[in-house]
Amino acid sequence: MPIEILMPALSPTMESGNLAKWLVKEGDTVSSGDVIAEIETDKATMEVEAVDEGTVGKLVVAEGSTDVPVNQVIALLLEEGEDALALEGAGSAPKPAPAAAKKEGDLGVEPDTGSVGPSPVTGNPADVNGKGAQGDRVFASPLARRIAKDKGIDISRLTGSGPKGRIVKRDVDAVGEFAGHPDTKPKVSAAAPAAAPAPAAAPKAAPQPSMSDAAIRQIFAEGSFEEVTHDSMRKVIARRLTESKSTIPHFYLTVDCDLDALLALRQQINAAAPTDKDGKPAYKVSVNDMIIKAQALALKAVPDANATWTETAMLKHKSADVGVAVAIPGGLITPVVRDADKKTLSTIANEMKDFAKRARERKLMPEEYQGGSTAISNLGMFGIKDFSAVINPPHATILAVGTGEQRPVVKDGELKIATVMTVTLSTDHRAVDGALGAELIGAFKRLIENPMAMLV
């Protein structure tokens, strides 16, 4: 029977993707680990690996197809001894989502299989050793092999819980703690993709528009507008922000921060940067980099505000992971600076430079823009004085940063000129009460106005 290759779920919120490019053609022989296609999501373009080996019998979905649902058959592989007759009737209908699909926004999608969350290995016939019923060969995903090798684990001794008893990442993880490998390649196995995200258990329905699309179009004169179809990114942004404003009780706290001391310290830090043989500095710290550091340290100083609301419990985060909104063509993406409180300003600067570059090229991996416990949206570079940002679930806070500008201020009873930046903290009132939010933004303000505290 032909092996079905399905449209994988490349992130927990992915419902469909675009099949940008086939890297194989019908009749080609592929092996486990071969890159066979490029899939576009709302955030990135990712390569897809074959898990099984065989001959490409049929490319079910054409190159360039858009909005291909997760779990739909996109190609068929012929196993050894099979011919074209085996393709009749195969791959004609999308696969149903597995019953154990997680709710949208839940984490736990494994990059190597797309399988949702770790699950115990049971005693049913499908749960066989990775050697399987086909001899002594160990069947394992490429990522599982890499992780096992790095951890010094004999993969042949593991029991596989993937398709046909294949060893996947969760099986290797079960041997010991694994917090994320820096060497993991940006590839996803094509077999056994995760279920399409199920809707939240009881979300509040988004308010319906008062006018239909057709009625809106009729308001404007024919030929007076150009119609641009929503792409995947714009649809996800619209859905998530509608969800945020419909379900999260926002409240806002605003303070002004004196930037003069921070600007002076930034100048000293950049002046001290070592240079290479061409005179290029090793780093260039921006005001935004220092804001990231200050927000992370503020979360550590006020740990109760470093939280996420769920219906059953408050999730108190142990690390200060700060998402930073980056504008890209057609929308925005929020890469996450992990453990920002522990990183030097130069490290944060170089990490953000890399994130911004790869974000605009849509080359960020899901693990680089998912998660985090807070976010920063900085429109100061556009001359915006102050604004209120919309919380990005599952965060409980987001900091909106305005421009630094010279303003008259009163210091020690005298009128003086200072560089002042207005920031507004949007807060989920379910997780962070007013006094707690005020404590958090107060800690941030103190760090900005006494920036040497970020270096000790």
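Count residues from 1 along the sequence.
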Test log, rule salt bridge (Lys or Arg N to Asp or Glu O under 4.0 Å), inputs K280 and D278: CA-CA 6 Å; K280 184 179 179 181; D278 298 321; over 6 Å; no
CD (Q267) with more than 12 external heavy atoms under 6.0 Å: no
Nearest atoms (heavy-atom pairs only) where W22 meets E63: N-OE1, 2.9 Å
Residues S286 and N288: side-chain donor-acceptor under 3.5 angstrom: no
Donor on one side chain, acceptor on other, H395 and T308, under 3.5 Å: no
F355 CZ to N350 CG distance, which is reported to the nearest 0.5 Å: 12.0 Å
Straight-line distance of D289 CG to Y283 OH, nearest 0.5 Å: 12.0 Å
Flag, side chain of T334 to backbone of Y369, donor-acceptor distance under 3.5 Å: no
Any donor-acceptor N/O pair, S426 side chain to A389 backbone, under 3.5 Å: yes
Any donor-acceptor N/O pair, N18 side chain to A20 backbone, under 3.5 Å: no
Check against salt bridge (Lys or Arg N to Asp or Glu O under 4.0 Å), D354 and R358: CA-CA 6 Å; D354 174 61; R358 291 191 293 119; 3.0 Å; yes
Heavy atoms from other residues, nucleotides or ligands near NE2 of H429 exceed 12 (cutoff 6.0 Å): yes
Distance in Å, D428 CG paired with W309 CH2, rounded so as to fall on 0.5 Å steps: 8.5 Å
Pair D256-T422, side-chain donor/acceptor within less than 3.5 Å: yes
Between R234 and T229: side-chain donor-acceptor atoms closer than 3.5 Å: no
F382 atom CZ, over 12 foreign heavy atoms within 6.0 Å: no
Steps toward salt bridge (Lys or Arg N to Asp or Glu O under 4.0 Å) verdict (E227, R217): CA-CA 10 Å; E227 191 163 327; R217 288 179 175 83; 2.7 Å; yes
Donor-acceptor contact below 3.5 Å, side chain K300 vs main chain K318: yes
NZ-CD distance between K416 and Q406, expressed to the nearest 0.5 angstrom: 14.5 Å
V401 and I376, any side-chain heavy atoms less than 4.5 Å apart: yes
